[in-house]
Amino acid sequence: MTTAPTLKPLLVAAESRNKDRQRGADRAGYGHGLAGLTWGTGVPVPLGFFKRTVQNKKSYQCAASSNCPVDKAGRKRCPRCRFAKCLQQGMKIEAVREDRMRGGRNKFGSYYKRDRAQRMQRSSLKDSTVTDLAGMEQTVTSRLYCLLHKWPRWEPFSFCVSAVEDNLGQLVAWAKAAPYFRELEMADQMQLLHASWAAVHIADFAYAAVIGAIPASIKMNNGLEVPSGLAAVMGDCSLLALWTEIVHLLASRGFTRVDLAAFRYLALFHEDGECRVENRALIRAARDSLMRCWGEYRGSDVALLPQFTAFLRIRSLAQSCQNFLITRRVGGVVGSSLLAEMLSSVQVTCAR
DNA sequence: GCTCAAGGCCAT
DNA sequence: ATGGCCTTGAGC
């Protein structure tokens with residue numbers, strides 16, 4: 001069986017996307033005192049509206065009570081509230097020139113500079129705290145919910161495989177943007193993903209199950225009710241009991257989105273993935289940083305212990321799930337080439 | 001010289 | 001009226 005090289009192109013694509021985004025962020029400048037504005041780079045911003053309003057000394061009246069919602073859709077409804085929002089967001093009337101002189105610089109140069117420096121500091125700080133990283137996890141539950149309702153559900157097993165594949169796709173994009181991970185060489189990135197994808201998948205479902213974001217069971221088109229945890233354990237009914245046990249354990253200890261973020265990073269940078277990687281120092285640094293942040297969040301290192309054992313159980317469950325998929329020969333028969341590649345890498349590991 | 005935020009223009 | 005794109009020019 002030959003597997004198409006699927007993971008690498010995905011990583012390459014994610015990398016170029018991230019670079020584009022970074023370039024966009026770097027290019028984002030200032031407009032009338034407000035940070036994050038650009039001319040002609042596709043970021044829609046009410047520069048023209050603000051400029052005209054100030055230049056022509058317009059004064060608008062609000063038909064309602066001066067608290068109209070100003071969003072992309074309703075922005076044209078009430079100019080008064082739109083202008084108020086501009087000011088509230090930090091746009092400066094003084095930055096619209098009275099004499100209408102073009103070009104050159106205005107007196108805000110130093111303010112822009114300071115603001116830029118501050119924003120830079122904030123973004124680098126962000127890299128080192130789990131709490132901020134947890135922002136990414138908010139989307140997990142809604143995604144899993146969609147995922148469970150996405151396909152025509154004729155057969156439980158192929159349904160579970162589809163769920164796994166769908167989750168795999170986003171995992172790559174997430175990891176590629178993750179601090180530390182994005183600094184690694186491509187080969188190392190592949191190693192870590194091969195070793196962690198299954199545990200991340202289960203952790204995602206565990207979180208969604210604990211907070212009740214997904215239904216307990218899914219109704220197949222043939223009338224059969226299937227527990228949604230089956231998608232978490234990738235279709236292996238014999239693992240369902242273990243799965244529910246872990247979910248209950250996590251629920252009793254408390255499992256927040258910060259904990260989920262920690263689980264995901266823990267899986268990604270776990271020792272098991274380390275054996276064949278080049279840059280062990282960076283991965284160890286990532287783990288240290290993670291444990292420090294997570295410990296701070298939980299209050300103490302001791303408080304992490306039960307969480308950590310739960311994580312280890314998820315990892316061993318993940319191993320069982322992978323073995324199950326291999327015995328079902330998903331890689332060759334049902335699964336996408338990406339899933340096949342993930343599974344074949346496990347087989348290589350086992351053979352050694 | 002180059003940058004990049006400000007003004008102007010004009011199709012919508 | 002709006003907003004995308006082009007031109008300008010003081011400060012670095």
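Note on naming: letters A, B, ... go to the chains in the order of the sequence lines (proteins, then strands), and numbering restarts at 1 for each one. The structure presented is a predicted model; accordingly, all values stated were derived computationally and were not measured.
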Participant: Please determine, for the side chain of A:Ala95, which listed nucleotide (C:dA1, B:dA6, B:dG7) has the closest atom?
Facilitator: B:dA6

Participant: Report the residues that fulfil side-chain contact (heavy atoms from CB on, under 4.5 Å) with A:Ala84, sequence neighbours left out, ordered by chain and then residue number.
Facilitator: A:Arg80

Participant: Could you list the residues that satisfy side-chain contact (heavy atoms from CB on, under 4.5 Å) with A:Asn106, not counting sequence neighbours?
Facilitator: A:Ala95, A:Arg97, A:Phe108, A:Tyr112

Participant: Only counting residues at least two apart or in another chain, list the ones meeting ring-ring contact (aromatic ring centres under 6.0 Å, His included) with A:Phe83.
Facilitator: A:Phe50

Participant: Please list, for nucleotides 10-12 of chain C, all pairs of protein and nucleotide N/O atoms separated by less than 3.5 Å.
Facilitator:
{"unit_1": "C:dA10", "atom_1": "O4'", "unit_2": "A:Arg105", "atom_2": "N", "d": "3.3"}

Participant: Using a cutoff of under 3.5 Å, can you pull out all pairs of nitrogen or oxygen atoms linking the protein to nucleotides 10-12 of chain B, with atom names and distances?
Facilitator:
none

Participant: Within the pair A:Arg82 and C:dG3, is there a side-chain N or O less than 4.0 Å away from OP1 or OP2?
Facilitator: yes

Participant: Can you tell me the distance, in whole Å, between the CG atom of A:Asn56 and the C1' atom of C:dT2?
Facilitator: 13 Å

Participant: Rounded to the nearest angstrom, tell me the gap between atom CD in A:Glu98 and atom C1' in B:dA6.
Facilitator: 15 Å

Participant: At less than 4.0 Å, is any side-chain N or O atom of A:Gln55 found next to OP1 or OP2 of B:dG8? Yes or no.
Facilitator: yes

Participant: Whole angstroms only, please: what is the CG-P distance between A:Asp99 and C:dT8?
Facilitator: 17 Å

Participant: Considering all heavy atoms of both residues, which atom of A:Phe49 and which atom of A:Pro79 are nearest to each other, and what is their separation?
Facilitator: CZ-O, 3.5 Å

Participant: Applying side-chain contact (heavy atoms from CB on, under 4.5 Å), name anything that partners A:Ser217, two or more places apart in sequence or on another chain.
Facilitator: A:Glu225

Participant: List the residues meeting side chain to side chain donor-acceptor pair (under 3.5 Å) with A:Glu245, not counting sequence neighbours, and say none if there are none.
Facilitator: A:Arg313

Participant: What pairs meet the salt bridge (charged side-chain N to carboxylate O under 4.0 Å, His left out) rule with one or both residues in residues 194-203 of chain A, with sequence neighbours excluded?
Facilitator: none

Participant: Expressed as a whole number of angstroms, how long is the span from A:Phe49:CZ to B:dA6:P?
Facilitator: 17 Å

Participant: Taking side-chain contact (heavy atoms from CB on, under 4.5 Å) as the definition, give me every residue that meets it alongside A:Ala318, ordered by chain and number, with sequence neighbours left out.
Facilitator: A:Ala198, A:Ala199, A:Ile202

Participant: Is the gap between the ring centers of A:Trp174 and A:Tyr265 under 6.0 Å?
Facilitator: yes

Participant: Looking at the base of B:dG8, is there any donor atom on it, or on the side chain of A:Lys51, that sits under 3.5 Å from an acceptor on the other one?
Facilitator: yes

